[in-house]
*Asks:* 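Next up is a structure, given as structure tokens.
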Amino acid sequence: MNNFDFSSLNTEQQAALVETEGAVLVTAGAGSGKTRLLTHRVAFLLSKGISPYNILAITFTNKATREMAERVKAMCPDGDRIWISTFHSMCAKILRMDADALGYNRNFTIYAEDDTEKVVKEILNEMSLAEDKWKKNVLFHISNWKNTIMSLAEYERACAAVVDIKKIVLIIDEYEKRLKKNNALDFDDLLIKTYKLFLNHDEIRLKYAQRFEYILVDEFQDTNTVQYELVRQLASVHGNIFVVGDEDQCIYSWRGANFKNIFNFKKDFPNVKVFKLERNYRSTGKILERANKLIAHNSSRLEKKLWTERQGGDEPVIYNAVDERDEALFVANTIERLLRQGYKPSDFAILMRLNALTRNLEEALLSYNIPHKIYGGFKFYERAEIKNIIAYLRLFVNMDDDIAFQKVINFPRRGIGDGALSKMKHLAGNKSLLRALVDGNYEVEPALQKKLENFVQTYCGLSEIDMPLADFVSEVISKFKIKDAYDTKTEEGFDKQMNISSFEGAVREFAKLNPTASLSDFLESITLASDSDEIGEGGSVTIATVHAVKGLEFRVVFIIGLEEGIFPISRANSADDIEEERRLMYVAVTRAEEKVILTHCSKRFLYGKTSYEIPSRFCKELGFYEYKPKKIEETSVFGGGRSYSASAPTQTSFGGFTFNKATILGGEQSSEIKPTVEVGKYKPGQKVEHPKFGKGEIKSISDDGLVGDIAFEGFGIKSLMLEIAPLKILEE
DNA sequence: GGATGACACATTTTT
DNA sequence: TGTGTCATCC
Ligand SMILES: Nc1ncnc2c1ncn2[C@@H]1O[C@H](COP(=O)(O)OP(=O)(O)OP(=O)(O)O)[C@@H](O)[C@H]1O
């Protein structure tokens, strides 16, 4: 097996590729072929005769995983013995084999956010602490602590300045006990418990460290402290560790990622060989220029070169939409135009800072009949009816999962309410609720006893059954009469039943793809997998947050909602926060191969109210709006803005009136468009006169006082920018 | 115990 | 906007 083909890598990449021994760090900008290098390196190792069994590759996207897995399988008969996964699923896999050393059962349940929330709520209730005051704080500290390698006592000391930290630590301590009693691990536990497993059990660490002769990690800038330490532990025997990353693309520091790990790596590993890739293969020169210009505004970074042979290309454009509907229609319209020019739906991505911005896009694309898929946001498995079924299933893997038990014991209704439940908790003592029942540890009054026995009987009956995964799931649904809880005569009930049926279908599909998988495997896959793993698979336009498309690429990228308060998000206050927002913007822009199309709205309806928006500072940093703005006369005057593009919906119907403020700029000169306001001159109820629209009455004024909605006789309600509209006050 | 309606609430990004 | 909690009534 020595027929490795180097031709699809450039010389820089090749140099890093052949350096297989020791610690290697590759830092390079976006689109420079880091992932490609990593993938090829796995293939190269195999071609040198390394067994896939001895390779561990940590990736972030499923696309990379699949690509790699396919290559490996094609090259080696036993290719499926390689470990390619995310940190989290790697840890889950390790713990499924060795968690007993930590006092956990190997069939532990993985608690997602809502489960951990329930546990915390329960504790707060019992301690008579107000939920709204404590919950968020406690949850933050749980995760924060688990993203360090400190003991709880050390954490308490480190947080000495935090108010109430004593009590918080007390709650965390109880939380840990509960999870253990429930035989459950939360997301962060997967990492930190694996770390502790290795730390306290040398023989287990050695087992894995010896096995993995070669370790590769993609997107290294987004590893957190615990992940970093895990890498060190795993590389502690062979030391052949290859990491690639780009500090400019660190976008997960809010959950503990630390791009400084890239720099630490050079210190913590001996004789690190550092490689740089400078040629970008993804984007046109015009796009790269803008991206480079943007990211140069960040201070915590190392200067990097990034060049391309694809000089020129289309100039990125920006569209100033009236509102979010106009924005969505513009996007849909532009896509349709490009589709006619031969682009495919899967060539497009519409990216945004917030999942909440997707709503209007869905409508607009639907009205244009453009196939699309929204990633992120509420997932199928998060629907209430599906979560109930999952809770039932969880009990068949891990009967100590009290959170699951409490979810299902009264669904469908069995007349077992809060009163009965607290009685049961009390009686169960330190056993879990279901286990105490199954063991028949106590008796309650006959009516309740009967109900409980019924439940236990059904449960035990099903537990003894040995049948294929998909059949078992259907059997559970039917034996517990879950579908009967929904009335098919109502549309809602019908939908829910349909969802349950599709869930059964999904299980069947999973079982087909993974013939040897157990129920536990299935449950793990749905808690750890995200739908963004499938981005770009079908023939649809991708609608997603920027976070979800990290590592991916599209011919055409729209980035919408480029407004202060949205992108950068209003919660970003510190300089570091803003730098992370800027990195996020950098990631967004560098997903594009050919075209970047940005949009922002003058006003936007979000979270139940309309607000008037200021263009994002990133517009300017990307080279737009660098001129002194011409005075925009009014929001609603035809041709008031500048429409350079044939693609802009030149007229948008709004409130029975036609607007056109569509502005597309290639990006000349400009400063911010930040109108100065004369506060208090106008107020609702005033009668005013406008030279063009005549007499009207001010109906309302935006919170910031910039724009007023005015009802004109014969013209309807119009939104005008108050400080520039030529209004005369007729009557206070 | 369960159904209903009023009210208060916050609303980033994800493994 | 939409969700989740609380009080009230059956
Ligand atoms: N040597 C090469 N020759 C031609 N194309 C290449 C080469 N290396 C990488 N590419 C292509 O460039 C694009 C970007 O590569 P890749 O995704 O590996 O970059 P990356 O550095 O991982 O990007 P990001 O930092 O955005 O994750 C891909 O389409 C890839 O196929």
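In what follows, every chain begins at residue 1, and chains take the letters A, B, ... in the order their sequences are listed.
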*Asks:* Name the orientation class of the two ring planes belonging to A:F503 and A:Y381 (parallel below 30°, tilted from 30 to 60°, perpendicular beyond 60°).
*Replies:* perpendicular

*Asks:* What I want to find out is whether A:R394 reaches A:D115 closely enough, with some N-O distance under 4.0 Å, to be called a salt bridge.
*Replies:* yes

*Asks:* Take A:F60 and A:K451, find for each the nucleotide of DNA chain B with the closest heavy atom, and name the residue whose nucleotide sits nearer the 5' end.
*Replies:* A:K451

*Asks:* With the criterion being N/O to N/O and under 3.5 Å, what pairs connect the protein with nucleotides 10-12 of chain B, and how long is each?
*Replies:*
from   : atom 1 : to     : atom 2 : distance (Å)
B:dT11 : OP2    : A:K136 : NZ     : 3.2
B:dT12 : OP2    : A:R571 : NH1    : 3.4
B:dT12 : O2     : A:R353 : NH1    : 3.1
B:dT12 : O2     : A:R353 : NH2    : 2.5

*Asks:* How would you label the contact of A:K121 with the nucleic acid (heavy atoms, under 4.0 Å): base, sugar-phosphate, or nothing?
*Replies:* sugar-phosphate

*Asks:* Can you check the A:L190 CG to B:dT14 P distance for me, whole Å?
*Replies:* 18 Å

*Asks:* Salt-bridge test for A:D186 and A:K146: reply yes if a basic N is under 4.0 Å from a carboxylate O, no otherwise.
*Replies:* yes

*Asks:* Quickly work out the A:K550 NZ to B:dT15 P distance and round it to whole Å.
*Replies:* 10 Å

*Asks:* Does anything in residues 412-427 of chain A form a salt bridge (charged side-chain N to carboxylate O under 4.0 Å, His left out)? List the pairs, not counting sequence neighbours.
*Replies:* A:E122-A:K425, A:K423-A:E445

*Asks:* Taking atom C1' in both C:dT5 and B:dT12, compute the distance separating them and give it to the nearest angstrom.
*Replies:* 24 Å

*Asks:* Grab the OH-P distance between A:Y375 and B:dT14 for me, whole Å please.
*Replies:* 14 Å

*Asks:* Show every salt bridge (charged side-chain N to carboxylate O under 4.0 Å, His left out) that has at least one partner inside residues 581-591 of chain A, sequence neighbours left out.
*Replies:* A:R353-A:E581, A:E580-A:R583, A:R582-A:E621

*Asks:* Hey, is A:R571 close enough to A:D577 for a salt bridge, meaning N to O under 4.0 Å?
*Replies:* no

*Asks:* Is there a side-chain polar atom (N or O) of A:T545 under 4.0 Å from OP1 or OP2 of B:dT14?
*Replies:* yes

*Asks:* Between the protein and nucleotides 2-6 of chain B, which nitrogen or oxygen pairs are less than 3.5 angstrom apart?
*Replies:*
from  : atom 1 : to     : atom 2 : distance (Å)
B:dG2 : OP1    : A:G415 : N      : 3.2
B:dG2 : OP2    : A:N410 : ND2    : 2.9
B:dA3 : OP2    : A:R413 : NH1    : 2.9

*Asks:* Enumerate, atom names and distances included, each donor-acceptor pair closer than 3.5 Å involving a side-chain atom of residues 123-131 of chain A, sequence neighbours excluded.
*Replies:*
from   : atom 1 : to     : atom 2 : distance (Å)
A:E126 : OE1    : A:R178 : NH2    : 2.8
A:E126 : OE2    : A:R178 : NH1    : 3.3

*Asks:* Check the distance between B:dT15's C1' and A:Q227's CD and give it to me in whole angstrom.
*Replies:* 9 Å

*Asks:* Remember a base hit wins even if backbone is also touched, and classify A:Y252 as base, sugar-phosphate or nothing at under 4.0 Å, heavy atoms.
*Replies:* sugar-phosphate

*Asks:* Once you round it to whole Å, what is the distance between P of B:dT13 and CD1 of A:I566?
*Replies:* 12 Å

*Asks:* So where does chain A start and stop touching DNA chain C, 5' to 3', when the test is distance under 4.0 Å to a non-hydrogen atom?
*Replies:* C:dT1 to C:dT5

*Asks:* How are the rings of A:Y486 and A:F411 set to each other: parallel, tilted or perpendicular (split at 30° and 60°)?
*Replies:* tilted

*Asks:* In whole Å, what is the span from the CD atom of A:E131 to the P atom of B:dC9?
*Replies:* 13 Å

*Asks:* Does CZ belonging to A:F494 count more than 12 external heavy atoms closer than 6.0 Å?
*Replies:* no

*Asks:* For a quick check of understanding: with a heavy-atom distance under 4.0 Å over all strands, which category does A:R583 fall into, base, sugar-phosphate or nothing?
*Replies:* nothing

*Asks:* Below 4.0 angstrom, N of the basic side chain to O of the carboxylate: do A:R301 and A:D248 qualify?
*Replies:* yes

*Asks:* Starting at atom NE2 of A:H88, determine the distance to atom C1' of B:dT15, rounded to an integer number of angstrom.
*Replies:* 4 Å

*Asks:* Would you check if the distance from the ring center of A:F554 to the ring center of A:F348 is below 6.0 Å?
*Replies:* no

*Asks:* Rounded to the nearest angstrom, tell me the gap between atom CD in A:E113 and atom C1' in B:dT13.
*Replies:* 11 Å

*Asks:* Would you classify A:E580 as touching base, sugar-phosphate or nothing, given that sugar-phosphate means primed atoms plus P, OP1 and OP2, and contacts are heavy atoms under 4.0 Å?
*Replies:* nothing

*Asks:* For A:G419 and A:I251, take the nucleotide of DNA chain B holding the closest heavy atom to each; which residue's nucleotide lies nearer the 5' end?
*Replies:* A:G419

*Asks:* Just checking, A:R325 and A:F605: is the charged tip under 6.0 Å from the six-membered ring centre and within 45° of the axis?
*Replies:* no

